[in-house]
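Here's the structure, in structure tokens; my notes come after.
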Amino acid sequence: MLNSIMLGSTVFSLLIANAFELQKKERWIDLLADNSLASWHLYLGAEIKGWKIDDGVLSTSGKNGDIVTNQEFENFELELEWKIEQRGNSGIFIFVVEHPDNKRMYQSGPEFQIIDNENYPQQLTEQQKTGSMSDVLAPSKSRSKPAGQWNKTRIVAHNGKVQHWLNKSLILEYQIGSKQLNEEIARSKFAQLRYAKVAKGKIGLQDHGNPVCFKNIRVRPIK
């Protein structure tokens with residue numbers, strides 16, 4: 001019986017993944033086009049300082065603030081590559097509601113956690129490891145490469161259904177507004193915040209105080 005349940009669960013996940021693939025997709029938008037930060041701004045700010053682009057690689061040395069896209073996205077596919085240094089910590093945010101009441105991105109937007117699983121100076125829970133919905137949901141498997149190596153992330157969002165992909169593996173799925181997700185949020189540090197309440201917003205990249213690099217950042221709307 002257990003094997004049948006596991007097989008059924010696997011088949012269901014594959015069907016959901018295929019359904020995402022069949023969605024009508026539009027053209028890719030290069031978010032670092034022409035080696036420019038024109039598609040981004042400092043969260044709750046304007047001009048970006050400290051972040052730089054060299055040969056298509058976006059980087060911050062730390063303590064330069066978080067950045068978000070000028071444009072909001074609802075149904076989309078996001079792809080990018082990233083790398084961190086030893087003990088590094090960063091994140092990719094979606095559905096960020098940029099409002100003065102939300103002093104930080106994490107107060108509204110779910111985070112695809114980026115962290116050095118092996119060397120981070122604090123003990124990590126499964127919900128804090130790379131690929132998690134940070135501090136809320138754990139990834140099904142650890143597929144991150146060691147610090148200093150490039151990893152590829154893909155995030156797909158459609159009608160509030162979100163998939164986390166890491167290095168070509170589907171590692172997490174959740175539904176914004178679902179009972180299961182709301183129960184997990186209620187047990188998290190986000191319980192008192194307007195966190196993950198909407199399935200539309202800006203994409204954000206976090207400067208957690210550690211060096212981090214990103215490249216090949218592109219997004220395309222899906223219908």
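For the numbers below, each heavy atom of this structure counts, side chains included, while hydrogens, waters and symmetry mates do not. A quick note: this is a predicted structure, and the numbers were derived from the prediction, not measured.
Heavy-atom neighbours of Gln175 CD from other residues, nucleotides or ligands within 6.0 Å: above the threshold of 12. Environment of CD in Glu183: crowded, with over 12 heavy atoms of neighbouring residues, nucleotides or ligands closer than 6.0 Å. Heavy-atom contacts from other residues, nucleotides or ligands closer than 6.0 Å to CZ of Arg220 number more than 12. By the 6.0 Å contact criterion, CD on Glu26 is enclosed, its count of non-hydrogen atoms from other residues, nucleotides or ligands being greater than 12. No more than 12 heavy atoms of other residues, nucleotides or ligands sit less than 6.0 Å from atom CZ of Arg194. Atom NZ of Lys200 sits in a sparse spot, with 12 or fewer heavy atoms from other residues, nucleotides or ligands closer than 6.0 Å.
Side-chain contact between Leu205 and Phe93: absent, with no pair of heavy atoms (C-beta onward) separated by less than 4.5 Å. Counting heavy atoms from C-beta outward, Pro110 and Tyr195 have side chains that approach closer than 4.5 Å. When side chains are defined from C-beta on, Ile203 does not count as touching Val68, because their heavy atoms never get closer than 4.5 Å. You'll find the side chain of Ser144 reaches within 4.5 Å of the side chain of Asn117, heavy atoms only.
Residues Tyr120 and Leu166 fall into different hydrophobic clusters, defined by Ile, Leu, Val, Met, Phe, Trp and Tyr side chains chained together at heavy-atom separations under 4.5 Å. In this structure, Leu44 is not a member of the same hydrophobic cluster as Val97, with clusters built from ILVMFWY side-chain heavy atoms closer than 4.5 Å. Under a hydrophobic-cluster definition in which Ile, Leu, Val, Met, Phe, Trp and Tyr are linked whenever side-chain heavy atoms come within less than 4.5 Å, directly or via other members, Phe73 and Leu37 are assigned to the same cluster. By the criterion of side-chain heavy atoms lying less than 4.5 angstrom apart, applied directly or through intervening Ile, Leu, Val, Met, Phe, Trp or Tyr residues, Ile222 is grouped together with Trp165 in one hydrophobic cluster. Under the 4.5 Å side-chain heavy-atom criterion for grouping Ile, Leu, Val, Met, Phe, Trp and Tyr, Leu80 is not connected to Ile115 through any hydrophobic cluster.
When only modelled atom types and interatomic distance are considered, Asn89 and Asn210 share no side-chain donor-acceptor pair under 3.5 Å. Under the 3.5 Å distance criterion, with hydrogens and angles disregarded, a donor-acceptor pair is assigned to the side chains of Glu98 and His41. No side-chain N or O of Ser188 forms a donor-acceptor pair with one of Asp135 less than 3.5 Å apart. For the residue pair Thr153 and Trp82, a side-chain donor N or O sits within less than 3.5 Å of a side-chain acceptor on the partner. Looking only at atom types and distance, the side chain of Glu74 has no donor-acceptor partner in the side chain of Asn159 under 3.5 Å away.
For Asp116 (side chain) and Arg87 (main-chain N/O), a donor-acceptor pair under 3.5 Å exists by modelled atom type. Judged by distance alone, with hydrogens and angles left aside, the side-chain atoms of Ser140 form a donor-acceptor pair with the main-chain N or O of Ile171 at under 3.5 Å. Although no hydrogens or angles enter the test, the distance criterion places a donor-acceptor pair under 3.5 Å between the side chain of Asp30 and the main chain of Leu32. At distances below 3.5 Å, not a single donor-acceptor pair connects side-chain atoms of Ser132 with backbone N or O atoms of Ala138. The main-chain N or O of Asp66 is never found under 3.5 Å from a side-chain atom of Trp51 such that the two would form a donor-acceptor pair. Asn151 places a side-chain N or O within 3.5 Å of a backbone atom of Gln149 that can act as its donor or acceptor partner. Glu184 contributes no side-chain N or O that, together with a main-chain N or O of Gln180, makes up a donor-acceptor pair within less than 3.5 Å. Panel note: side chain Ser90, backbone Val212; no donor-acceptor pair is recorded below 3.5 Å.
Nearest heavy-atom pair across Leu172 and Gly131 is CD2-O, 3.8 Å.
Atom CD1 of residue Ile217 and atom CH2 of residue Trp28 lie 12.5 Å apart, to the nearest 0.5 angstrom.
Looking at Glu81 and Lys152, no side-chain N of the basic residue comes within less than 4.0 Å of a carboxylate O on the acidic one, giving no salt bridge. Salt-bridge annotation for Glu77 and Arg218: absent, with no side-chain N of the basic residue lying under 4.0 Å from a carboxylate O of the acidic one. For the pair Lys202 and Glu72, the salt-bridge criterion is not met [side-chain N within less than 4.0 Å of a carboxylate O].
Ring centroid separation for the pair His164 and Tyr174 comes in under the 6.0 Å cut-off.
Ring geometry, Tyr106 versus Phe190: the interplanar angle falls from 30° to 60°, so the pair is classed tilted.
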>> Between Asp207 and Thr60, does the side chain to side chain donor-acceptor pair (under 3.5 Å) criterion hold? Intermediate values first, please.
In response: CA-CA 7 Å; Asp207 182 334; Thr60 173; 2.7 Å; yes
